*Asks:* 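Next up is a structure, given as structure tokens.
From a predicted model like this one, the values you see are computed outputs, not experimental measurements. Each chain gets a letter, A, B and so on, in the order the sequences are listed, and its residues count up from 1.
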Amino acid sequence: MNFLVAVFSQTWRSLVKSWRSQVLSLVTITLSILIFTFFYLVYNNALQFGNRLDNDLRLIVYLDEEPDQTLQQEYRHKIEKFDKVERIEFVSKLEAYDRFKGQLDDSQDVLKDIPKDFLPSSIEIYPRRSLESLSKIKEFSAYLENLPGVLKVQYGREWVERFNSFIQLLQVVVFLSGGLLIMTTTFMIGHSIRLTVFSRKNELELLRLVGASNSYIRVPFFLEGALLGLLGSAAGMAALYILFRWIRAAFAETAAQGMFSFSFFDTPTAAMIIVLSVLLCAGGSFVSIRKILSV
Amino acid sequence: MSGEEKRLTMIDLARVSKTFPPDVHALADVSLRIRRGEMIFLTGQSGAGKTTLLRMLCGIDRPDKGYIEIAGSDLSRISDNELQKLRRRIGVAYQDFKLLPDKTVAQNIAYSMEVSYRSRQFIISRTKQLLTELGLMDKLDALAGKLSRGEQQRVSIARAVANEPELILADEPTGNLDAETAGLVMQLFRRCNEEGVTLLIATHDQAIYDYPGSKIVRIENGRLAIQKPPVIAKQGEGRA
């Protein structure tokens, strides 16, 4: 009998002996994983939503004078110095007039006696469609307002700020639910190990007396924790997937669904969550067993 | 002690003392040397200190004073890992058996072999062989908790012998046995001894050690009192 066979057989015996407490731990881990992954999924989708923002999100920088080619280059250089942007468009006074005229349709007569250069020239800046860029948009606006020749900077300030607040709130919720996951998982693993140790007290004492090595005693608990982590996270992810399918089916016809496409984790992310849960549970049981048995 | 003598020594105790609170002197200044391959009977009345001595020899208790060496390993300096390795080379039949009542007889015996990673085949055949020798083959799959005291005692002895240890420590191994089954146990011990195993048997059952040529160490009130023959054990400073 080699080491692996021996510890696997020990693990099996231990699971059989303390299955009630194991089931309780499994349910707790599953629920913790479900709560955490639910918020993480919402957060993840909100990030993707931020990345899919349409072209309406732009900063319009009104200038007091029409910039020549040299000045345009200088503006372009200063803008890109702050942050990389998707594109920059310069709108001359005449182009602004033509656009405005086009928007008036049948009421273009009102412009009859007005000079064609009455609108200020502007720079339209399209920031990168990432959350990082969006979160800096307020600072970006302040930076642009301080550039020479700038009259005013305009953007969907209220919308962006609300979106940012929502993302920040989600970040806090994800962080808290992650903390909750770590706490409940380690507590339940520790509790489960304590119960197992208590129920196998005489057996563990006997193992020490007949010369079982520390690894022989410790590894089965470690495997037990890892197995609980694997089963708990897999069950939690499965429950989340069912919930996700239900939400998608229930809101398929709504307008919100049209602009907000709700997607599940990709395979690497789901695998990473499971691997981290396994490591967390195995680590928790390892620490607990060292603490309880001093082996 | 010369290198050769050290190699031949299985147990070496020098001025070992142990006191339990408040002031029970379980062992006082005990010195004893047992060579490899010897079978020694440790006799004395209940409470004389026999069990304390055996518990210290397998590292469960530590002496307050003195020095214990088993198979060349100084128990006071041995690491936890080394102690566990040493325990795999020592078979102990405890006075209270230390059986797991909710495990079968076979499972109880298997523990001592599993920790040494013996093959499944070896464990099964060795368990059956020992149970046959001790007249318990029909109890192979019985729960240890359902056995009589005498049967439990034999299971405990089988577990002590199972892993083919170099040293067997037996605490009152025939205390719950009738003369016939005690004979089976002694037969097993003698066979082990003939195969080179060192045995230290703590007993007050005169019937098992009262034969010509038996080697006896008597302990009284925690002190070595009589040794027969005297060459194997010495008291206090007069240690060999």
*Asks:* Among residues at least two apart in sequence or on other chains, which ones pass salt bridge (charged side-chain N to carboxylate O under 4.0 Å, His left out) with B:Arg126?
*Replies:*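 Not a single residue meets the salt bridge (charged side-chain N to carboxylate O under 4.0 Å, His left out) criterion with B:Arg126.
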
*Asks:* Using side-chain contact (heavy atoms from CB on, under 4.5 Å), reason through B:Leu86 and B:Arg89 one step at a time and then give a plain yes or no.
*Replies:* CA-CA 5 Å; B:Leu86 182 66; B:Arg89 295 158 58 195; 4.1 Å; yes

*Asks:* Just checking, A:Arg13 and B:Tyr111: is the charged tip under 6.0 Å from the six-membered ring centre and within 45° of the axis?
*Replies:*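 Cation-pi check for A:Arg13 and B:Tyr111: passes.
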
*Asks:* Checking B:Ile60 against chain A: side chain, backbone, both or neither under 4.5 Å from a heavy atom?
*Replies:*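 Side chain only.
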
*Asks:* Can you tell which part of B:Tyr94 gets under 4.5 Å to a heavy atom of chain A, answering side chain, backbone, both or neither?
*Replies:*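 B:Tyr94 touches chain A through side-chain heavy atoms alone.
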
*Asks:* Could you look at B:Asn163 and say if it's the side chain, the backbone, both or neither that has a heavy atom under 4.5 Å from chain A?
*Replies:*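 Answer is neither: B:Asn163 stays 4.5 Å or more from chain A.
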
*Asks:* In terms of heavy-atom pairs under 4.5 Å with chain A, which of B:Lys98, B:Arg159, B:Arg88, B:Met113 leads?
*Replies:*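 Among the listed options, the one with the most contacts to chain A is B:Arg88.
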
*Asks:* Does NZ or CZ of B:Arg118 come closer than 6.0 Å to the centre of the six-membered ring of B:Phe122, within 45° of the ring's axis?
*Replies:*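 Yes, B:Arg118 lies over the aromatic ring of B:Phe122.
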
